[in-house]
Amino acid sequence: MPGFALMPTGNQSGRTAVFPVSDYDLDGTLESGQAFRWEVRGDASEGVIGDQWVRLKMTTAGIHAEAAAPQHDWHWLEEFLQIKVNIADVLQTFPDDEPMRCAVASCRGLRLLRQQPWECLASFILSSTKQIVQIREIVRLLTERFGRRVIAPSQSGPTHAFPSAERIAACSETELRACKMGFRAPYLLKTAQMIVSDVVNLEDIRSLPLSEARERLLLFPGVGRKIADCVLLFGYGFPKAFPVDVWIMRALRELYFPQKRKVTPQRILEFSERHFGPYGGYAQQYLFHYMRTKHISNNRDKAARSAQ
DNA sequence: CTCCAGGCGCCTT
DNA sequence: AAGGCGCATGGA
């Protein structure tokens with residue numbers, strides 16, 4: 001059991017703590033498109049979890065955390081970072097095929113975070129047909145305008161909590177559109193109103209089987225299969241939830257169905273549920289990150305060639 | 001200029 | 001059931 005070896009060391013009731021980890025790519029994970037509010041400043045990343053500001057930095061001893069105020073209990077951070085997950089055990093469940101070997105080799109230390117369901121749900125409603133940098137901008141505007149200020153050092157990155165469903169439900173559609181979210185504004189507004197009026201209870205979803213949990217999330221406007229699976233995976237930790245977006249669809253097509261003309265999206269979705277095992281969600285994140293970094297480096301190469 | 005972005009809802013067949 | 005299209009906004 002990982003219990004004692006992974007207890008935070010140093011002064012636990014102070015503003016800082018260290019969490020020993022292995023195979024944990026902190027920066028890569030924070031910027032991998034699961035969460036949208038982490039800002040790199042110098043050699044650290046700064047973010048807000050719940051109403052806690054925190055600065056994280058990788059050191060030889062592990063993940064070094066600095067909060068804005070003294071902490072008695074770092075459980076909120078251990079939960080967010082999923083410190084206790086043994087990633088080797090997870091990787092061992094992946095199918096032993098060429099695509100997965102490549103993805104694992106190129107994304108060493110990639111992890112899944114565990115976010116709060118409401119923030120995760122709202123963020124991914126805002127994500128549809130947006131690039132990650134734009135999602136970050138929308139979320140930043142939303143938090144700065146409607147989120148409560150948190151205790152944070154001056155000259156820091158994010159300084160606001162994610163706005164509550166109650167606060168969003170009290171917004172006008174116009175106020176939300178002013179955060180550049182366009183046609184997603186009514187989706188977010190209605191979803192917040194459904195939560196406030198308890199039409200769907202986000203806490204109840206925790207204890208449901210995967211398919212029933214998914215059905216609940218699909219009741220929200222602006223939430224289809226892909227966004228529901230993102231929330232199930234990143235917000236609730238259902239390990240088999242497997243979000244299929246354009247990147248993953250392309251990856252599965254190219255890597256598992258090469259030179260096949262008629263592969264329907266339905267067929268690919270069935271394959272994804274069957275093929276990737278009990279931690280399919282982790283496998284999905286490795287594939288996603290693998291495809292995306294490959295794409296980014298291809299673009300860099302293209303730019304370099306055209307500059308010559 | 002056009003095309004597309006961690007999709008979804010709604011309208012056609 | 002399956003396929004097509006519009007939707008805001010911004011970057012390549």
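In the text below, chain A, chain B and the rest are named by the order of the sequence lines, each starting its count at 1. Values in this document were obtained by computation on a predicted structure and should not be read as measured data.
Contacts of A/Lys180 with the nucleic acid, taken as non-hydrogen atoms under 4.0 Å apart, involve only primed sugar atoms and P, OP1 or OP2. Among the heavy atoms of the strands lying under 4.0 Å from A/Phe220 are primed sugar atoms or P, OP1, OP2 only; no base atom is included. Among the atoms of the strands shown, only primed sugar atoms or phosphate atoms (P, OP1, OP2) are found under 4.0 Å from some heavy atom of A/Val223. When heavy atoms are screened at a 4.0 angstrom cut-off, A/Ser32 is found touching base atoms of the nucleic acid. Within the 4.0 angstrom heavy-atom criterion, base atoms lie near A/Gly33.
Aromatic ring centroids of A/Phe257 and A/Phe271 lie under 6.0 Å apart. For A/Phe19 and A/Tyr24, the gap between ring centers reaches or exceeds 6.0 Å. Aromatic pair A/Phe276/A/Phe242: centroids less than 6.0 angstrom apart.
A 3.5 Å limit on both hydrogen-bonding distances identifies C/dC5 as the Watson-Crick or G-U partner of B/dG9.
Nucleotides C/dC7 and B/dC4, compared at atom C1', are 14 Å apart to the nearest Å. Rounded to a whole angstrom, the distance from the P atom of B/dC11 to that of C/dA8 is 16 Å. The separation of C/dG11 from B/dC8, taken at their C1' atoms, amounts to 22 Å, rounded to a whole angstrom.
Closest to the A/Asp245 side chain, of the nucleotides B/dG6, B/dG9, C/dC7, is B/dG6.
Mapping A/Gln131 and A/Leu218 onto DNA chain B by nearest heavy atom places A/Gln131 closer to the 5' end of the strand.
The pair A/Asp97-A/Arg101 fails the salt-bridge criterion, with no side-chain N (NZ, NE, NH1 or NH2) lying under 4.0 Å from an Asp/Glu carboxylate O.
The side chain of A/Arg177 contributes an N or O atom lying less than 4.0 Å from OP1 or OP2 of C/dA8.
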